[in-house]
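In what follows, a structure is listed as structure tokens, so that the remarks can point back to it.
Within every chain, numbering begins at 1; the chains are lettered A, B, ... in the order of the sequence lines, protein sequences first and strands thereafter.
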Amino acid sequence: MTALMWFRRDLRVSDNRALYQATAAGGGVVAVALITPLQWQKQNESPAKLSFWLACLQELAGRLAELGIKLHVEEVPDNADIPEFMQQFARARKCDALYFNREYEYYEQQRDETVKRVMQAQKIRTFDFADRLLIEPGRLLTGSGGYYTVFTPFKKSWLGLLSRADLEPLPLPAPVAAALPTPELPVAEISSRLGLPGWPSDLWPAGETAAQKRLAEFAGGALETYHELRDLPAVDGTSRLSPWLACGAISPRQCLAVVIRDNKKLPAAGSGGEAWLNELVWRDFYTHVVVGFPRVSRSQPFQKKTAGLQWRYDECDLKAWQSGLTGYPIVDAAMRQLKQTGWMHNRLRMVAAMFLSKHLLIDWRLGEKYFMQNLLDGDLAANNGGWQWSASTGTDAVPYFRIFNPFTQSQRFDADGGFIRRYCPELEPVSAVALHDPKKLAAEIAKKKISYPAPVVDHKLARERALAAFKNL
DNA sequence: CAGTGATTAAC
DNA sequence: TTAATCACT
């Protein structure tokens with residue numbers, strides 16, 4: 001009796017529900033992870049993220065070996081080829097059961113349904129588990145039985161289920177066989193063949209051990225002031241756990257355990273813990289939205305009436321935004337942070353996304369795609385949810401038209417300009433007041449002969465143009 | 001009269 | 001969340 005454990009976005013040994021059950025079944029366990037270059041390309045997976053994932057796989061292989069489980073890394077061009085591959089792989093290794101953790105996006109659900117059907121036709125049983133979120137899609141519905149579309153009532157209902165939900169991290173699985181030697185995965189070979197950048201990075205060392213270390217660091221440090229410092233991009237005030245969460249090197253239950261300790265007691269109102277818990281709930285929320293409204297993962301707006309919006313398709317403005325040359329310091333610093341590090345501070349994701357979709361009136365889907373192609377933590381649900389929120393095509397419930405003033409945002413969240421200057425070094429000689437004031441900025445740039453672009457668009461005009469475009473719907 | 005703080009409308 | 005407006009210094 002051998003169980004086949006299929007790793008996807010759950011690259012860890014600890015608190016992995018499918019792996020735990022596979023090891024508890026009483027037989028041997030074989031593990032597999034798939035390299036799917038064509039599928040990755042279709043889904044705009046970023047090279048940095050794939051490189052990070054491969055490095056995580058290398059660590060995972062070592063930890064599995066300690067449990068007597070061999071991890072096979074196999075290449076299959078795209079999702080359509082997976083069912084046939086899995087079936088042959090399982091038969092070749094005499095596996096009689098397939099274990100995996102559920103994924104919720106449209107294409108992933110289709111893939112998994114087909115795999116289940118094909119395996120069951122071969123008399124191979126399949127077991128799939130709720131692992132990726134704190135509370136599974138479908139378990140939280142409105143009074144009329146639909147999916148929530150507004151965060152606040154979703155959260156209320158989420159908290160209501162908290163005491164009944166099974167959210168304790170699992171103990172480490174017991175070894176199923178004698179420890180194996182740590183396998184050498186062809187990571188470097190795959191990486192160079194796919195043209196991926198190298199790893200490691202100091203900010204995001206790969207693997208679940210590093211993820212646990214970062215969580216402990218955050219829990220004992222920035223968590224306490226999270227509510228006060230999380231919006232300041234110059235400060236290391238966030239958890240920075242997103243790359244590990246995205247590939248499952250850490251589980252949301254392990255994160256939750258840091259804020260909900262004894263008897264599932266909620267963190268105090270107004271505390272850092274409460275603010276961070278909110279972000280974990282947002283993560284659930286956007287994945288629930290993707291399941292409840294599958295059109296959002298198929299390039300459709302959540303708000304159907306915005307489907308006809310006349311976006312500008314201005315290649316030049318799009319390029320300026322992508323390369324951090326819009327003439328709006330906070331936007332440019334944000335976009336350069338993304339390009340240079342594969343990560344962007346959450347506050348700035350909102351600022352940058354709103355600038356593209358409102359100021360430049362460029363289709364949010366182009367921004368969504370660019371983020372996916374560059375982010376280390378790219379996650380369809382969170383990225384799509386964030387973009388649609390920024391573009392006002394999503395679930396945002398405010399009664400007014402949301403459009404950030406980039407200068408007001410930088411004044412509030414980067415008052416001394418420390419973050420802007422870090423990523424836009426040419427603005428080093430510019431005074432802090434000028435960084436948040438277009439007129440003074442233009443004057444200082446002229447006077448000090450600094451090479452920095454003039455704003456691609458005037459804020460007031462852009463604002464009016466966006467308002468008019470949405471009014472026309 | 002320029003600058004600032006409080007209030008409110010936007011849907 | 002922003003910006004316009006009004007009261008006030």
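Remark: A:Gln110 pairs with A:Tyr106 by the side chain to side chain donor-acceptor pair (under 3.5 Å) rule, at least two apart or across chains. Not counting sequence neighbours, A:Phe404 has no partner by the ring pair (Phe, Tyr, Trp, His ring centres under 6.0 Å) test. Applying the ring pair (Phe, Tyr, Trp, His ring centres under 6.0 Å) criterion to A:Tyr423, with sequence neighbours excluded, gives A:Phe419. Listed by chain and residue number, A:Glu315, A:Gln322 satisfy the side-chain contact (heavy atoms from CB on, under 4.5 Å) test with A:Lys319 (two or more places apart in sequence, or in another chain). Not a single ring pair (Phe, Tyr, Trp, His ring centres under 6.0 Å) links A:Tyr147 to another residue, sequence neighbours left out. With sequence neighbours excluded, the residues satisfying ring pair (Phe, Tyr, Trp, His ring centres under 6.0 Å) with A:Trp343 are A:Trp204.
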What protein N or O atoms touch nucleotides 3-5 of chain C N or O atoms at under 3.5 angstrom, if any, and at what distances?
{"unit_1": "C:dA3", "atom_1": "OP1", "unit_2": "A:His459", "atom_2": "NE2", "d": "2.5"}
{"unit_1": "C:dA3", "atom_1": "OP2", "unit_2": "A:Asn405", "atom_2": "ND2", "d": "3.0"}

At a cut-off of 3.5 Å, list every protein nitrogen or oxygen paired with a nitrogen or oxygen from nucleotides 7-11 of chain B, distance to 0.1 Å.
{"unit_1": "B:dC11", "atom_1": "O4'", "unit_2": "A:Pro399", "atom_2": "O", "d": "2.7"}

Between protein and nucleotides 3-5 of chain B, what N or O pairs are separated by less than 3.5 Å?
none

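Nucleotide C:dT1 holds its C1' atom 16 Å from the CD1 atom of A:Ile330, rounded to whole Å. Going from atom CG of A:Asp396 over to atom C1' of C:dT2 covers 14 Å, rounded to whole Å. Atom pair A:Lys358:NZ and C:dT2:P shows a separation of 11 Å (rounding to whole Å applied).
Pairs passing the salt bridge (charged side-chain N to carboxylate O under 4.0 Å, His left out) check and including a residue from residues 362-390 of chain A, sequence neighbours excluded, read A:Arg9-A:Asp379, A:Arg132-A:Asp379, A:Arg349-A:Asp377, A:Asp363-A:Arg365. Applying the ring-ring contact (aromatic ring centres under 6.0 Å, His included) rule to pairs touching residues 379-399 of chain A yields A:Trp321-A:Trp387, A:Phe371-A:Trp387, sequence neighbours excluded.
The main-chain N or O of A:Tyr99 is never found under 3.5 Å from a side-chain atom of A:Asp128 such that the two would form a donor-acceptor pair.
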Can I get a per-line list of side-chain donor-acceptor pairs under 3.5 Å for residues 461-473 of chain A, giving both atom names and the distance, sequence neighbours left out?
{"unit_1": "A:Arg465", "atom_1": "NH2", "unit_2": "A:His359", "atom_2": "O", "d": "2.8"}

